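Taking it in order: structure first as structure tokens, then the write-up.
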Amino acid sequence: MKLTATFLALTTLLTISIAQTTCHKYVIISIRGTYEPQGRSIAFTTMINQTFAAIPGGVEYDAVYPAAANQTAYFGADDVTRYINNGLQNCPQQQYAILGYSQGASATMLTLNNITDPSSTAYKAIKAVLVVGNPYHIPGASVNVDENGGDATKNFPGVVYNASNASSRGIPQIYYDDGKLVDICHTEDSICAPAYPNASFVPGHIQYGKQNVQDMGAKFLIERLGGNSTNPSTTPTATGSPTSSQPAQYTGGANMVPMSFIAALSGMFALFL
Ligand SMILES: *[C@@H]1O[C@H](CO)[C@@H](O)[C@H](O)[C@H]1NC(C)=O
Ligand SMILES: *[C@@H]1O[C@H](CO)[C@@H](O)[C@H](O)[C@H]1NC(C)=O
Ligand SMILES: *[C@@H]1O[C@H](CO)[C@@H](O)[C@H](O)[C@H]1NC(C)=O
Ligand SMILES: *[C@@H]1O[C@H](CO)[C@@H](O)[C@H](O)[C@H]1NC(C)=O
Ligand SMILES: *[C@@H]1O[C@H](CO)[C@@H](O)[C@H](O)[C@H]1NC(C)=O
Ligand SMILES: *[C@@H]1O[C@H](CO)[C@@H](O)[C@H](O)[C@H]1NC(C)=O
Ligand SMILES: *[C@@H]1O[C@H](CO)[C@@H](O)[C@H](O)[C@H]1NC(C)=O
């Protein structure tokens, strides 16, 4: 009995350690928005799959955190930071893309605030950062685009952006300068562009699953992760199974938003961080 328990414990440990040391060419980290259930965000419906299809050797990791209304972004940043640090230890060749929606964009900012040294291994390993519905949308930034790749929302500050407050200035400047970042703000989104005419939370803030956004995001990710890179020296480095791409348990169509999610959002304009 006792022996069986010990054996089981050992097997579990072994399984965990194997799971942690399976390396991949790249990992797409999805950080979901407030009230979304654990799993892939509704904002990244197909862009992750499109990227997997274009570039073999990728897996998805969904940040584990509450995504609750009461400002839990720090927990998301903490989880992502831990995940990347573990990856740097166990799989030094592994690359990362970080995708953040709404509170997930805030968590992205909090993560990147600590990764600003361009000579650091973490900075080098992060190849792409994509945020949508970003509460810290920086007005006028060159990487800002609307859902059509245009300038309609470019100059609007996000709802909690504050240039005078070091904690509210958005994603660190270096990510704006080095081509690693794109910030997609949908027209009429009251979180990333609250001053936009007729801005709203529903539907304004929950339209990122649409195909135009997904295609734009996929194109960016594929370019950044080397699918058609200008750097031909980028070669697969994964030591794990080449067939190990495991897109998450996403089952809905591109435009599907769970009714329960919309219900939870309705009337909760202030609860987005
Ligand atoms: C994403 O890929 C997974 C696994 O390849 C598949 O099961 C799922 O249906 C795909 N989702 C979409 C929206 O294509
Ligand atoms: C956030 O709210 C949940 C319940 O909705 C509560 O359990 C948790 O302690 C709260 N967290 C903070 C930091 O207030
Ligand atoms: C960032 O660094 C500060 C200072 O070391 C630390 O307190 C904070 O927890 C770090 N943030 C994350 C998300 O790891
Ligand atoms: C912006 O930040 C500054 C400095 O922290 C603060 O004094 C000011 O009240 C903030 N503005 C808003 C609108 O929150
Ligand atoms: C600065 O920004 C942080 C993060 O948004 C916020 O928690 C804090 O209250 C702000 N400080 C001031 C003085 O506005
Ligand atoms: C805002 O909504 C009003 C009422 O529906 C409409 O008349 C107006 O054209 C809208 N403005 C813009 C810029 O979409
Ligand atoms: C790949 O890059 C080449 C050269 O820049 C370009 O002509 C081609 O359209 C690109 N292919 C895709 C699928 O993006």
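Treat the numbers as computed from the prediction; the structure is a model and nothing was measured. As the structure lists them, so they are numbered: ligands from 1, and atoms in each ligand from 1.
Residues Asn144 and Thr153 fail the side-chain proximity criterion, which asks for heavy atoms closer than 4.5 Å. Contact annotation: the side chain of Tyr176 approaches that of Ile171 to within less than 4.5 Å [non-hydrogen atoms, C-beta and beyond].
For atom 14 (O) of ligand 3, a protein heavy-atom neighbour is found at a distance under 4.0 Å. Remark: atom 7 (O) of ligand 5 lies closer than 4.0 Å to no protein heavy atom. Within a 4.0 Å radius of atom 2 (O) of ligand 3, the protein contributes at least one heavy atom.
Taking the six-membered ring for Trp, Tyr208 and His186 have ring centres closer than 6.0 Å. Between Tyr175 and Tyr123, the gap from one ring centroid to the other is short of 6.0 Å.
Here the heavy atom of the protein found nearest to atom 9 (O) of ligand 3 is Tyr74 OH, 2.5 Å. Protein heavy atom at the shortest distance from atom 4 (C) of ligand 4 is Ser164 O, 3.4 Å. Among protein heavy atoms, atom 5 (O) of ligand 3 sits closest to Asn114 ND2, 4.8 Å.
Near Asn165, meaning under 4.0 Å from one of its heavy atoms, ligand 5 places the atoms 1 (C), 2 (O), 3 (C), 8 (C), 10 (C), 11 (N), 12 (C), 14 (O). Using a 4.0 Å cut-off to heavy atoms of Ser167, the atoms of ligand 5 that qualify are 2 (O), 3 (C), 4 (C). Remark: ligand 5 atoms within the under-4.0 Å shell around heavy atoms of Ser168 are 1 (C), 2 (O), 3 (C), 4 (C), 5 (O). Close contacts of ligand 3 with Ala77, meaning ligand atoms under 4.0 Å from a residue heavy atom, involve 13 (C). Numbered from 1 in the order shown, with element, the atoms of ligand 4 that lie under 4.0 Å from a heavy atom of Asn162 read 1 (C), 2 (O), 3 (C), 8 (C), 10 (C), 11 (N), 12 (C), 14 (O).
Of the residues listed (Ile84, Asp78, Asn85), the one engaging Arg82 in a side-chain contact (heavy atoms from CB on, under 4.5 Å) is Asp78, and it is the only one. When Tyr196, Tyr35, Tyr101 are each tested for a ring-ring contact (aromatic ring centres under 6.0 Å, His included) with His205, only one passes: Tyr101.
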Does Glu60 form a side chain to side chain donor-acceptor pair (under 3.5 Å) with Ser30? I'd like the steps, not just the answer. CA-CA 7 Å; Glu60 175 173 354; Ser30 160; 4.6 Å; no
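Note: no N/O pair closer than 3.5 Å links Thr111 and ligand 3 by distance alone. Geometrically, ligand 3 and Asp78 share no nitrogen or oxygen pair separated by less than 3.5 Å.
In this pair, Tyr61 and Tyr83 present their aromatic rings parallel. The plane angle is below 30°, not in the 30 to 60° band.
With a 6.0 Å radius and a threshold of 12 heavy atoms from other residues, nucleotides or ligands, Gln89 has its CD atom at or below the threshold.
When non-hydrogen atoms are compared, ligand 5 lies under 4.0 Å from neither the backbone nor the side chain of Tyr161.
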